[in-house]
Amino acid sequence: MLILDGKVVSEARRAALKTRIQKFQSSVGRPPHLVVVLVGENAASQVYIRNKVKACESVGMRSTRIDLPSALSQEALNATLLKLNGDDGIDGILVQLPLPSGLREEPVLELISSAKDADAFSYRSLGYLWGGYSRTAPCTPQGVMSILEYYKIPIAGRYAVVVGRSNIVGKPMAHLLTMANATVTVCHSKTLDLRRFTKEADIVVVAAGQPRFLGREDFKQGSIIIDVGMHGTGTSTGPGTAIIKDPGHVSAKVFGDVRFEELEGWAFAATPVPGGVGPMTITTLLENTLSLAEKRLNLK
Ligand code: NDP
């Protein structure tokens, strides 16, 4: 079985990014600049933000971290975002989710300018993506597409099943596969007889957030399995039940939605967890930031 190694793909893409960033720096006179906003003191979010800042450093991108108190009002958060939108020296903005209780995500997703929306979660960014006018996409599904591209996995004409329909993974994943000319079915928690679909598929992307719930018997022989799920022991909600929403966090033991060890001798190719989709998510965030910067400054 071919192991689709996200670390290898990530390293290759970061090397290419470094070159693009050097070019950007020589024509603009500064590196691209990502601002990450953290509201409150959520411990996991602190780790995620640190990893994003470190990733920027690793490719020569500038990052600024803005820490805001959890008692912040919605108006103050909105005002911060508007100020960042209007600052010409900022190329990408990311607000770490979830927000503390009392603050709503919806205004954030409405307010972040699509020209600077590094996560590509905002309603306008998703609209552009759906309309086919976007050069960025939510990081995790776009990272999956980069893995498939790196390993030259043919997509056009193939039958793909996406398990999960969240706005940040499942739905954009299905859209990206459709745009790559796959025929796509989206499954979710109310799908009757999930296996009927997964067993037919040439490519299955599993993003259900259910620890190790699919194995060899759920897939067609020779298929390609992408496991987006990320679960860890050693987290506060107990072994095997905690869902890690951000790939930067690696706990004592991390596993996915798929029983990877059962796939050897059955699947054609599969992503491991850890080391599959996870490393690609932050790399795609960096790529999105640079692409937005190049577009906003008319460099490409
Ligand atoms: P959500 O909880 O937002 O969505 C999960 C989706 O899976 C829902 O659409 C849900 O259906 C569906 N689902 C749940 N249980 C089942 C089931 N038994 N059978 C079929 N479908 C089911 O999760 P996210 O999309 O945010 O994340 C999914 C997983 O990916 C998580 O494990 C998360 O930690 C991981 N993740 C990993 C990233 C990475 O970089 N590796 C980045 C982001 C997420 P319904 O809509 O009906 O509720």
Side-chain angles (χ1 to χ4, degrees), residues 4-7 9-10 13 44-45 47-49 51-52 55 94 96-98 105 109 118-121 126 137-148 161-177 184-199 201 204-215 218-219 225-251 253-260 270-288:
L4 306 174
D5 188 332
K7 282 181 290 185
V9 185
S10 178
R13 294 192 76 103
S45 293
V47 177
Y48 307 154
I49 290 272
N51 285 336
K52 287 166 186 171
L94 176 156
Q96 185 66 46
L97 301 176
E105 279 180 20
L109 298 178
D119 261 337
F121 287 169
L126 290 176
C139 299
T140 301
Q142 183 57 49
V144 170
M145 296 306 286
S146 298
I147 291 176
L148 294 173
V161 165
V162 178
V163 185
R165 57 175 167 181
S166 71
N167 284 342
I168 62 169
V169 186
K171 281 184 207 161
M173 186 75 253
H175 176 74
L176 292 172
L177 287 165
V184 183
T185 297
V186 178
C187 298
H188 46 76
S189 69
K190 306 293 185 291
T191 298
L192 298 179
D193 192 6
L194 175 70
R195 191 189 289 184
R196 177 159 70 91
F197 299 96
T198 55
K199 270 186 88 74
V204 185
V205 180
V206 190
Q210 300 296 319
R212 293 172 55 78
F213 89 123
L214 295 178
D218 301 304
F219 303 112
I225 321 293
I226 307 289
D227 188 357
V228 178
M230 214 190 261
H231 313 273
T233 55
T235 50
S236 57
T237 45
T241 58
I243 295 176
I244 299 167
K245 289 277 185 188
D246 189 296
H249 179 99
V250 176
S251 65
K253 188 162 192 277
V254 177
F255 44 92
D257 283 1
V258 174
R259 298 188 296 277
F260 180 77
T271 56
V273 177
V277 175
M280 288 307 299
T281 298
I282 292 188
T283 296
T284 308
L285 173 73
L286 304 174
E287 292 180 334
N288 276 354

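Values reported hereafter were calculated over all heavy atoms of this structure, with side chains retained and with hydrogens, waters and symmetry mates removed. Values in this document were obtained by computation on a predicted structure and should not be read as measured data. Atoms within each ligand, like the ligands themselves, are counted from 1 in listed order. Heads up: numbering here begins at 1 and tracks the sequence.
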Side-chain donor/acceptor of [X] to backbone N/O of [Y], under 3.5 Å:
X: Asp5; Y: Lys7; value: yes
X: Asp257; Y: Ala208; value: yes
X: Arg259; Y: Arg212; value: yes
X: Thr271; Y: Asp227; value: yes

Could you list which atoms of ligand 1 come closer than 4.0 Å to a heavy atom of [X]?
X: Gly278; answer: 40 (O), 41 (N)
X: Phe213; answer: 17 (C), 18 (N), 19 (N)
X: Gln210; answer: 14 (C), 15 (N), 16 (C), 18 (N)
X: Val163; answer: 20 (C), 21 (N)
X: Gly209; answer: 28 (C), 29 (C), 31 (C), 32 (O)
X: Ala207; answer: 5 (C), 6 (C), 7 (O), 28 (C)

Exercise. Only counting residues at least two apart or in another chain, list the ones meeting side chain to side chain donor-acceptor pair (under 3.5 Å) with Asp218.
Key: Arg195

Any side-chain heavy atom of [X] within less than 4.5 Å of one from [Y]?
X: Val205; Y: Val163; answer: no
X: Phe219; Y: Lys199; answer: no
X: His231; Y: Gln210; answer: no

Tell me the nearest of [options] to [atom], using heavy-atom distances.
atom: atom 30 (O) of ligand 1; options: Val162, Val228, Thr140; result: Val228
atom: atom 10 (C) of ligand 1; options: Gly256, Ser189, Pro172; result: Ser189
atom: atom 5 (C) of ligand 1; options: Gly164, Ala208, Ser166; result: Ala208

Just heavy atoms, cut-off under 4.0 Å: does [X] contact ligand 1 by side chain, backbone, both, or neither?
X: His231; value: side chain
X: Ile168; value: side chain
X: Val273; value: neither

Quiz item: Who passes salt bridge (Lys or Arg N to Asp or Glu O under 4.0 Å) against Arg165, sequence neighbours left out?
Solution: none

Exercise. Return a yes/no value for Arg165: is any of its N or O atoms, backbone included, closer than 3.5 angstrom to an N or O of ligand 1?
Key: yes

Quiz prompt | Nitrogen or oxygen of Thr281 less than 3.5 angstrom from that of ligand 1 | solution = yes

